[in-house]
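Scroll down for the structure; my scribbles are underneath it.
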Amino acid sequence: MSHDGSHVDTQPPAHADLPIFEGIFSTEEGDRRLASDDFGHLVHRVPSAVLSPRSVDDVVRVVQYARQHGLTVAPRGQGHSTSGQAQVEGGIVVHLTSLNAITAIHADCVEVEAGALWSTLLQATLAQGLTPPVLTDFTGLSIGGVLSVGGIGGTSYRYGPIVDNVLALEVVTGEGKLETCSPQQQPDLFHNVLAGLGQCGMIVKATLRLVPAPTHARVFHLFYPHVGAMLHDQRLLMRDGRFDYLLGYIIPTPQGTWGYMLEGTIFYTSSAQHPDNAQLLAHLGFIAGIEQVEDMTYLTFANRVVLQVDGLKAQGAWDQQHPWFDVFVPDSKIEPFVSEALAEISPIDFGLMPILLYGLDSASFRAPLLPAPAEGTFFLFDILRSLAPSSGTLAQAIEHNRQLYERSRALGATCYPIGTLNLTPADWQAHFGPQWVGLQRAKQRFDPDDILTPGQNIFPRQK
């Protein structure tokens, strides 16, 4: 029995009139059980079948079949959602990891299928001396999954979210049509699919911007006495741009308190002059004498969280419940909001994952369906909780997320929709604001029977 009361049926509904698939259409309980779970381990909605497509044509066929038979359907990449967003009760899950080819690398862009991992993509582009300008910190995620929500990394303060570095998409709409879209070709579809949470179409292929890649990274870990001091330096570094990558950490300490660390990274090429540490650290207010500095290859830096995840998996933290909380908070409100939130969370009971603060600039946020606060500077505040199922704190964590969301929204914050908030349709309407009417129209046009990705609860189907 799951958090929301679902369970795995031993006898799934029969599927009549199935088309011929090149890939595997499975109604086996093991495959369905896998598709009824995600990284959050909080919600379990059981599909009637799982498709592992071998071609884009398979995706087209399954969407047409689902529409014909009144079934819901949703894409699944690495299953890294935290609250059942890519699950479908009684419908069909399309496991896109089997569509993972990197089809072409050009001087300024790469064409890649949606199921490929960012780590795989990066390894291929680095062989050509190129890199995406923004990467997620955990490169073990799929291309399509990240593009469906937005994509934030430590270089986003300079280059914006990943969705603002996409040149074109191939999409299977809710009508079961394969469409190519870009800012110039079918822009309405393009802008309602990027960060569109799977409501208008399944991304099956993307063309992503590339820039020249460095060979190395020098990583500085700078420690601070309190969150205000860290935020002061993070703002300064965003303004002067001396670091290529910036990320603030709030970490439980062995003493049962909160610790504050700023990670600043400069990228360089090994054949060129190495970075000047004194210049990079000038006029900063970190605690002197305990800073840490390390050089590594750019590839090692980009994939460092993958290694950390391997450690979390070994400790069992990856199998724990993850009621994450993620909002974009205006700069003028971030320090008191964070301080209040920290006072309500015990570092002892928090788990093994950190709290993150990404500084961002609204001028670099252009995707209509990834709304940013009105202020020019804002912060993504991520509470990455990891709870043992036996801890008894899940209900309190989910309720605390809701309280924080209400308080942050009153301060002008917007939601980054990867966490556990259980948003209602009314919440979603408020979230999308002026873009809501356009999204409604796009939904009616590209998914007229409301079959796509119901787990987001944006457009509940009529019973």
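Numbers for residues simply follow the sequence, beginning at 1.
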All ring-ring contact (aromatic ring centres under 6.0 Å, His included) counterparts of His216, not counting sequence neighbours: Tyr268

Set of ring-ring contact (aromatic ring centres under 6.0 Å, His included) partners for Phe365, sequence neighbours left out: Phe328, Phe378

Determine all donor-acceptor pairs shorter than 3.5 Å in which one atom belongs to a side chain in residues 428-435; sequence neighbours excluded.
residue: Trp428; atom: NE1; partner: Gln456; partner atom: O; Å: 3.0

Spatial distance of atom OG (Ser270) from atom CG (Asp295) [nearest 0.5 Å]: 11.0 Å

Pi-cation contact, Tyr405 with Arg402 (under 6.0 Å, within 45°): no

Geometric class of the Phe138/His80 ring pair [parallel <30°, tilted 30-60°, perpendicular >60°]: tilted

Whether Phe39 and Trp318 hold their rings parallel, tilted or perpendicular, with breakpoints at 30° and 60°: tilted

Pair Thr139, Asn303: side-chain N/O donor-acceptor within cut-off below 3.5 Å: yes

Heavy atoms from other residues, nucleotides or ligands near CD of Glu406 exceed 12 (cutoff 6.0 Å): yes

Sequence-distant partners of Ile287, side chain to side chain contact (heavy atoms under 4.5 Å, CB included), two or more places apart: Pro225, Ile290

Pairs satisfying side chain to side chain donor-acceptor pair (under 3.5 Å), at least one member in residues 332-348, at least two apart: Ser332-Glu375, Glu340-Arg407, Glu344-His400, Glu344-Arg407

Summary of side chain to side chain donor-acceptor pair (under 3.5 Å) pairs that have at least one residue in residues 113-125, sequence neighbours excluded: none

Flag side-chain contact, heavy atom, 4.5 Å: Thr265 against Phe301: yes

Within-4.5 Å side-chain heavy-atom neighbours: Gln186 and Glu179: yes

